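Working notes for the structure below.
Start at 1 and go down the list; that is how both ligands and their atoms are numbered. Since the model is a prediction, treat every value here as computed from it, not as a measurement. Keep in mind that the numbers below use all heavy atoms, side chains included, and drop hydrogens, waters and symmetry copies.
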Amino acid sequence: MPITLKSPSQIELLRQSGQLVRATFEILREHIRPGISTAELDAIAEEYIRKHGAEPVYKGYVPRGRRGWPSTPPFPATICASVNDVICHGIPSPKERLRQGDIIGIDIGLRLNGWIGDACETFAVGEVDEPTRRLLETARRCLELGIEQAYPGKTLGDIGAAIQRHAEARGFAIVREYTGHGLGRNLHEEPTVLHFGEPGTGRKIMAGMVFTIEPMVNAGSPETKLERDGWTVRTADGRRSAQFEHTLAITDDGPLLLTA
Ligand code: MF3
Ligand code: CO
């Protein structure tokens with residue numbers, strides 16, 4: 001599949017979707033505290049998204065290429081809720097209640113007027129310990145450093161290299177198995193955006209591209225393990241992982257954040 005470049009008017013529609021994702025985070029932020037369940041957060045997000053004329057896109061989603069694989073059921077919820085050692089794709093549950101000192105990655109994808117918005121943020125539940133603060137700060141900075149490379153004429157390898165370099169310099173590890181992606185009318189389009197790599201390699205970045213950058217930063221080893229539910233991805237060593245994601249459009253002047 002080739003990369004479809006987006007026109008300024010399409011980018012404006014994508015920005016409106018991204019802004020609804022952002023607004024949903026602002027609602028959820030007020031509810032993130034010890035005692036709330038991840039299923040309650042999911043219900044709040046779904047209601048807010050639908051009330052604003054949009055629909056969740058993760059709900060019912062079956063990954064491309066895994067279609068028909070019986071061990072991967074459709075994703076059952078509006079948000080991914082990934083607590084502590086869950087790297088990504090955590091399934092919200094009424095049995096999982098947040099506790100003081102936890103971290104929770106919340107990933108939101110929606111479709112508004114036909115166009116997708118997608119972002120992820122990791123929140124501290126109350127006060128977290130110093131190593132966890134450092135993990136959050138590093139993951140956030142990795143995303144920023146990736147975005148700073150997103151200029152026409154640079155390459156996707158420049159983005160991945162900047163992210164990997166910072167994470168590893170701080171003693172953390174980048175997850176390899178899950179990537180950023182192009183998006184538009186579909187959640188997952190070309191290109192695949194790696195969060196590691198070599199400067200100057202990979203596809204050239206061009207004005208009109210729209211894609212996510214969503215590094216997952218592990219406190220310990222980069223290894224992952226997939227739970228038997230077919231979705232929940234945990235660190236193999238049980239240590240924590242943090243993720244931040246933005247959708248951005250490439251303009252002649254550089255990156256335009258659609259979900260900020
Ligand atoms: N932000 C992630 C991604 O775009 C979330 C996907 S959740 C899924 O890959 F359910 F849609 F797979
Ligand atoms: Co994404």
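The closest side-chain donor-acceptor pair between H195 and E214, if any, does not fall under 3.5 angstrom.
Under the 4.0 Å criterion applied to side-chain N and carboxylate O atoms, K225 and E177 are not assigned as salt-bridge partners. For the pair E137 and R133, the salt-bridge criterion is not met [side-chain N within less than 4.0 Å of a carboxylate O]. Using a cut-off of 4.0 Å between Lys/Arg side-chain N and Asp/Glu carboxylate O, E12 and R15 are scored as salt-bridged.
A side-chain contact (heavy atoms from CB on, under 4.5 Å) with F211 holds for exactly one of T179, I159, I3, T192; it is I159.
Residue C120: no N/O/S atom is found under 2.8 Å from the Co ion (ligand 2). Within the coordination shell of the Co ion (ligand 2), defined by N, O or S atoms under 2.8 Å, D107 is absent.
The main-chain N or O of L183 is found under 3.5 Å from a side-chain atom of K6 such that the two form a donor-acceptor pair.
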Run through all N or O atoms in ligand 1 and write down each protein N or O closer than 3.5 Å, as a pair with its distance.
unit_1: ligand 1; atom_1: 1 (N); unit_2: Y58; atom_2: OH; d: 3.3
unit_1: ligand 1; atom_1: 1 (N); unit_2: D107; atom_2: OD1; d: 3.3
unit_1: ligand 1; atom_1: 1 (N); unit_2: D107; atom_2: OD2; d: 2.6
unit_1: ligand 1; atom_1: 1 (N); unit_2: D118; atom_2: OD1; d: 3.3
unit_1: ligand 1; atom_1: 1 (N); unit_2: D118; atom_2: OD2; d: 3.4
unit_1: ligand 1; atom_1: 1 (N); unit_2: E214; atom_2: OE1; d: 3.2
unit_1: ligand 1; atom_1: 1 (N); unit_2: E245; atom_2: OE1; d: 3.2
unit_1: ligand 1; atom_1: 4 (O); unit_2: D118; atom_2: OD2; d: 3.1
unit_1: ligand 1; atom_1: 4 (O); unit_2: H181; atom_2: NE2; d: 2.7
unit_1: ligand 1; atom_1: 4 (O); unit_2: H188; atom_2: NE2; d: 3.0
unit_1: ligand 1; atom_1: 9 (O); unit_2: H188; atom_2: NE2; d: 2.9

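Of all the N, O or S atoms in E214, the one closest to the Co ion (ligand 2) is OE2.
When rounded to 10 degrees, the angle formed at the Co ion (ligand 2) by OE2 (E245) and OD2 (D118) equals 80°.
Note that R29 lies outside the cation-pi zone of F123, set by a 6.0 Å cut-off to the ring centre and a 45° limit from the axis.
Ring geometry for Y61 against W231 counts as tilted: the plane angle lies between 30° and 60°, on a 0 to 90° scale.
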